[in-house]
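Residue numbering restarts at 1 for every chain, and letters A, B, ... go by the order of the sequence lines.
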Amino acid sequence: MSKYHFNDIEAKWQKYWAENQTFKAENNSERPKYYVLDMFPYPSGAGLHVGHPLGYIASDIYARYKRHKGFNVLHPQGYDSFGLPAEQYAIQTGQHPKKTTEENIARYREQLDKIGFSFDWSREVRTSDPNYYKWTQWIFIQLFESWYDTIEDKAKPISELKTLFDSEGNTKVNAVCDSDTELFSAKDWNAFSEEEKQQILLKYRLTYLAETEVNWCPQLGTVLANDEIVNGVSERGGYPVVRKKMKQWSMRITAYAQRLLDGLETIDWPQPLKDSQTNWIGRSKGASVTFNVIPNVTSSAVEKSHTIEVFTTRPDTIFGVSFMTLAPEHDLVSKITTPEQKDEIEAYVEASAKRSERERMADVKTISGVFTGAYAEHPFTGKPIPIWIGDYVLAGYGTGAVMAVPCGDQRDYNFAKHFNIPIPNIFEGVDISEEPFEDKENTIIANSDFINGLNYAEATQKVIEALEAKGQGEGKINYRLRDAVFSRQRYWGEPFPVYYKNGMPQMIGLEHLPLTLPEVEKYLPTEEGEPPLGRAEVWAWDTTKKEVVHNDLIDNKTVFPLELNTMPGWAGSSCYMFRYMDPTNEDVFASKEALDYWGNVDLYLGGSEHATGHLLYTRFWTKFMHDRGYFKVDEPVKKLINQGMILGESAFVNRWEYGISDNEGVSKKKAIFISDDIIKRSIKEEIFISEFNNKTKEIYSNLISFHHGLMLGESIPSRNQFTPIPADVSFVNLQNELDIEAFKNRRPEFKDAIFIKEDNGSFIVSREVEKMSKSKYNVVNPDNICEQYGADTLRMYEMFLGPLEQAKPWNTAGITGVHSFLKKLWKLYHSPFEGGQGDVSEFFVSENPASKDSLKTLHKTIKKVQEDIENFSFNTSVSTFMIAVNELTAQKCNSREVLEPLAVLISPYAPHIAEELWEKLGNEGSISTVPFPAFDAKHLVESSKEYPVSFNGKMRFKLELPLDLTPDQIEEAVMAYDKTQEQLQGRTPKKVIVVPGKIINIVG
RNA sequence: GCAGAAGUGGUGGAAUUGGUAGACACGCUGGACUUAAAAUCCAGUGGGCAGUAAUGCUCGUGCGGGUUCAAGUCCCGCCUUCUGUACCA
């Protein structure tokens, strides 16, 4: 006995860790804290594939390393367990999403446990657990009860705002609010009805209910946030998205736009991720300008005076305005359109509303628009400017209207050219007959009254001053970021703690939370188009009994209807990292002591796909919680690393498209699959048809006669004569040979297919690297790897694949190298059993001092591994371990002095084998908190160096010299050396470069 | 279009401030052990040329220039691939 029985060893230690709560973090500790967090997993039905644990393994190594370094490490894990897939599955099967979610979590847990992570499971949270979402609802109420003060630049309780309104109205209040908020005095305010007051306060609350234009996805039956839409279709499922007006809860994230930008300076996140947040927030500096619409006396439609507000980044070009364009959805469109233009405008508005976002994006080339018949007055020249509508102007950005300056903007230029609108030139010495002049750095303004001859900056300044003097504009900063829609018309999410009294939302008292999700008989919207919660029969709030009661009791006096929407996926994941600090606290979100002790996350590992969604919302909520005094910190994550995706190597069987189309159609066509090596060879050697014919004839002679004539062509083979059909990678071995029977069983439609094989009888698939996913049949499961090679091998191999941040394909071929490394490591601690046979050996370490060489190996390994971990370069430390074990094996090292620290060094990477060896070495307890071996430079001190000697930069030979020589002595020694003279062949060197301890270069 | 990252053997990848390019591993080739296979162990392995050989020469880090005694690494100009993002006024 003493082979490396990894299965037994791993099961033993996983059990030990669980029973002894080895990785439980303390909220009170003398040791310094360190918080390592992983991406919050959504427990999908497909389970984990080998790509998922990559980041978890890296963070686990780091967490374990930090424990060896004496830190109190918080390394929790939990589940983001609300979400669409479970609900879609529920709709299809009728199973409660709670049930499938729990099953999926159980499977995830089993898989995670097998890999040997050092999670503190006592802190597990699940977003779908009422004890957890109670606090999500609580945060929602805090947001509802807050407004944003733009002077102090922080969120404050709404009660303070009411006090201000009581005493001075809203005229002097500096707050973030809806753009249509009207001004009122204290007197007005006090005269308002309670309902009117509530209506006004909604315009200030950080979460508010409003009629907003949303992205509606009919197939998913819900609205989506901007970051949930990719290329105009839903991120999940890829369904079309249309624009629709709905009453929705929104989050006033725009209040935090500037702070979300500024905060990026303070955190150590990858630049690309910061860049994408910066772009998403989209800050641009310019001015808002108000244009007065010229009343049209002949038109009854234009009676009132209207104004159009626009945002521009180029106030300096204001004299170049030759028309204005409104988004088709703009409120003014119906009000200013003249009767003559009415039909045409209405047709255009209707057509553009029907166009999905995707269509609009797909065709950016087509220029379209309609003249409204109305004119606006230029603020300086007073000239009339025609007002158009066009869908190149987006309703959602700025004010949904632009002052068009065709000479200085490509889109305005295209529009003007297309509709023959004049293009006045306001740039000095620039030809705009072919294209606009968009370069603001080299602008000199002309034909522009009081700003002639000025550059961009000067002109902008002057124009803003002039606009302010006229009361028709001001300098302004605009953000692309929109308020985030927070309602989803779905079942499987957090219920809002909200009921409606006269249509006005009311919060349920904090002491009555959680408001738990009701039961429904179906997970679909109601026939009336209400969300699934509309099907719940017990879903009304009794304000006297303070409980949820049957809908029949609704009287709108004491019993009121509850909100039917649920919260989006990001609700539960925006503050979870803080709840881990005190996850079982029933009285508060987390105790002040716990929040203050742990602060924020020191290291987070996750993919870059959450850049503009989850990671932005998390920063927003954290800043909000900070403002309201709950969190000491205002950023959730100090350092963030994006792990690269592990890609799958898909396998394809190549179907020969031999072009048969008999009278009865393609369905009769027999599938012929051709082994990939034959195809490659055929293409290379141009032996296409004859080879296939011969092979086909052998296997299925009837086919030749059946398809006679079509097999005889002498066309030159090419790849496009073959269609790659995906084959499950589990049916393919390391030699790319397909298990044909297994393939046929999985794909019955090919059970009669013909397989043209290699001469040796094998069938070779072609390979392609793609994203790993169930739909591509290229998923590799970690469980099988753990079973076959062990978790320690899996952990080390995932790290060995390459740099953490880089995307890389998974290829199981290399895993044997890592596995045999662990076997060699094991062997190092064992010696042949006396009188035994073969590889039978027993544990053995000697107490004798280690050799100088072995100590050198150990210490250079300590140095390198420590540096690697701190630089997150885990792939290189795996190589370092291999080198160390190879060297120690060669040195026949069996000394405890070296082998004991070696086990500690390797334990973050391969914890199970390290624990086992640690125990065999006679130690008590877990290796996990043993101090990391100290590096001692004295073992690396050398007395001589084998210098590479170069001639004109090319290394020719090596020369061993003592390290204590001066450069002059080195030069002397080199020049005296035979080989030097041989190289020089009598020439005298021009120069000799000596870098002591590094290199010698002889020039000449 | 814009922004970012990356291009090194048959493959994954090393090379920390410019200083021996290809560490480590896979794969492949040869050998040992075995009836055989697996496993294990040993040796070799960037291309080309010369040599029986030891060895020597030469070309080589996407392409073209440059700086330097010395460039995968620094500078300038291109090419390709990937990843975000896109009518943002």
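- Comparing B/U83 with B/U67, their P atoms are spaced 38 Å from each other, to the whole Å.
- Contact check, A/K998 against B/U20: no side-chain N or O comes under 4.0 Å of OP1 or OP2.
- Below 30°, between 30° and 60°, or above 60°: for A/H859 and A/F935 the angle between ring planes is between 30° and 60°, a tilted geometry.
- Nucleotide B/C41 forms a Watson-Crick or G-U wobble pair with B/G31, both donor-acceptor distances falling under 3.5 Å.
- Side-chain atoms of A/P803 lie closest to B/G13 of the nucleotides B/A89, B/G13, B/A25.
- Contact annotation: A/K991 side-chain N/O to B/C69 OP1/OP2 distance is under 4.0 Å.
- When rounded to the nearest whole Å, the span between CZ of A/F800 and C1' of B/G27 equals 13 Å.
- Looking at A/T980 and A/F951, their side chains come closer than 4.5 Å, going by heavy atoms from C-beta outward.
- In terms of phosphate contacts, A/R956 brings no side-chain nitrogen or oxygen within less than 4.0 Å of OP1 or OP2 of B/U20.
- Distance noted for atom C1' between B/A71 and B/G60: 14 Å (whole Å).
- Atom P of nucleotide B/U17 and atom CD of A/E867 are separated by 11 Å, given to the nearest angstrom.
- In this entry B/U55 has B/A50 as its Watson-Crick or G-U wobble partner, both defining distances falling under 3.5 Å.
- Between A/N886 and B/A25 there is a side-chain N or O to OP1 or OP2 distance below 4.0 Å.
- With a cut-off of 3.5 Å on both Watson-Crick or G-U wobble distances, the partner of B/U17 is given as none.
- When each of B/U17, B/U20, B/A14 is scored by its nearest atom to the side-chain atoms of A/P948, the top-ranked nucleotide is B/U20.
- If you take atom P in B/A86 and the same atom in B/G72, they sit 40 Å apart, rounded to whole Å.
- Ring to ring, A/Y977 and A/F957 are close: their centroids are under 6.0 angstrom apart.
- Here A/V402 lies in heavy-atom contact (under 4.0 Å) with a base.
- Checking B/G13, B/A70, B/C24 against every side-chain atom of A/N1001, the shortest atom distance belongs to B/A70.
- Taking 4.0 angstrom as the limit, A/N875 places a side-chain polar atom (N or O) nearer than this to OP1 or OP2 of B/A14.
- Nucleotide B/C87 forms no Watson-Crick or G-U wobble pair with any nucleotide shown, as no partner meets the under 3.5 Å limit on both distances.
- The listed nucleotides are B/A21, B/U16, B/A89; the one nearest the side chain of A/V393 is B/A89.
- The aromatic rings of A/F874 and A/F872 lie perpendicular to each other, with more than 60° between the two planes, well past the 30° mark.
- The pairing partner recorded for B/G7 is B/C79, the criterion being a Watson-Crick or G-U wobble arrangement whose two distances lie under 3.5 angstrom.
- Between B/U58 and B/G51, the two C1' atoms lie 15 Å apart (nearest whole Å).
- As rounded to the nearest Å, B/U45 and B/U11 have C1' atoms that lie 14 Å from one another.
- Mapped onto RNA chain B by nearest heavy atom, A/A401 and A/S879 fall at different nucleotides, with A/S879 at the one closer to the 5' end.
- Nucleotide B/C74 forms a pair with B/G66, judged by Watson-Crick or G-U wobble geometry with both contacts under 3.5 Å.
- Between the P atoms of B/C28 and B/C82, the separation comes to 30 Å (whole Å).
- With RNA chain B read from its 5' end, the first of the two nearest nucleotides for A/S276 and A/K958 is the one closest to A/K958.
- When both pairing distances are held under 3.5 Å, B/A36 makes no Watson-Crick or G-U pair with any nucleotide shown.
- Among B/C88, B/U20, B/C24, the nucleotide with an atom closest to any side-chain atom of A/Y397 is B/C88.
- Closest approach to the A/I883 side chain among B/A14, B/C87, B/A23 is made by B/A23 (side chain taken as heavy atoms from C-beta onward).
- Between B/G18 and B/G66, the two C1' atoms lie 15 Å apart (nearest whole Å).
- Checked by atom type and distance alone, the side chain of A/D483 pairs as donor or acceptor with a backbone atom of A/T254 at under 3.5 Å.
- The A/I993 side chain lies nearest to B/G19 when the options are B/G19, B/G27, B/A14.
- In this structure, the CD1 atom of A/I1002 is 14 Å from the P atom of B/A70, given to the nearest Å.
- Among B/U85, B/G13, B/A89, the nucleotide with an atom closest to any side-chain atom of A/S284 is B/A89.
- Annotated as anti: B/G48, whose O4'-C1'-N torsion sits more than 90° from 0.
- B/A86 atom C1' lies 8 Å from atom CZ of A/R480, rounded to whole Å.
- When the P atom is used for both B/G19 and B/C74, the distance is 11 Å, rounded to whole Å.
- Ranking B/U16, B/A25, B/G13 by closeness to the A/K824 side chain, first place goes to B/A25.
- Whole-Å rounding puts the A/D275 CG to B/A3 P distance at 11 Å.
- Rounded to whole Å, atom P of B/G13 lies 8 Å from atom NZ of A/K808.
- Taking every heavy atom of both residues into account, A/Q410 and A/E438 meet most closely at N-OE2, 3.1 Å.
- Regarding A/Q410, its CD atom lies at a distance of 20 Å from the P atom of B/A86, rounded to whole Å.
- Here A/H378 and A/F319 bring their ring centres to under 6.0 angstrom of each other.
- Residues A/Y392 and A/T325 have side chains in contact (heavy-atom distance under 4.5 Å, counting atoms from C-beta outward).
- Residue A/Q806 contributes atom CD, which lies 16 Å from atom P of B/G84 at whole-angstrom precision.
- A distance of 6.0 Å or more separates the ring centres of A/F323 and A/F419.
- The side chain of A/P272 lies closest to B/G4 when the candidates are B/G4, B/C59, B/A23.
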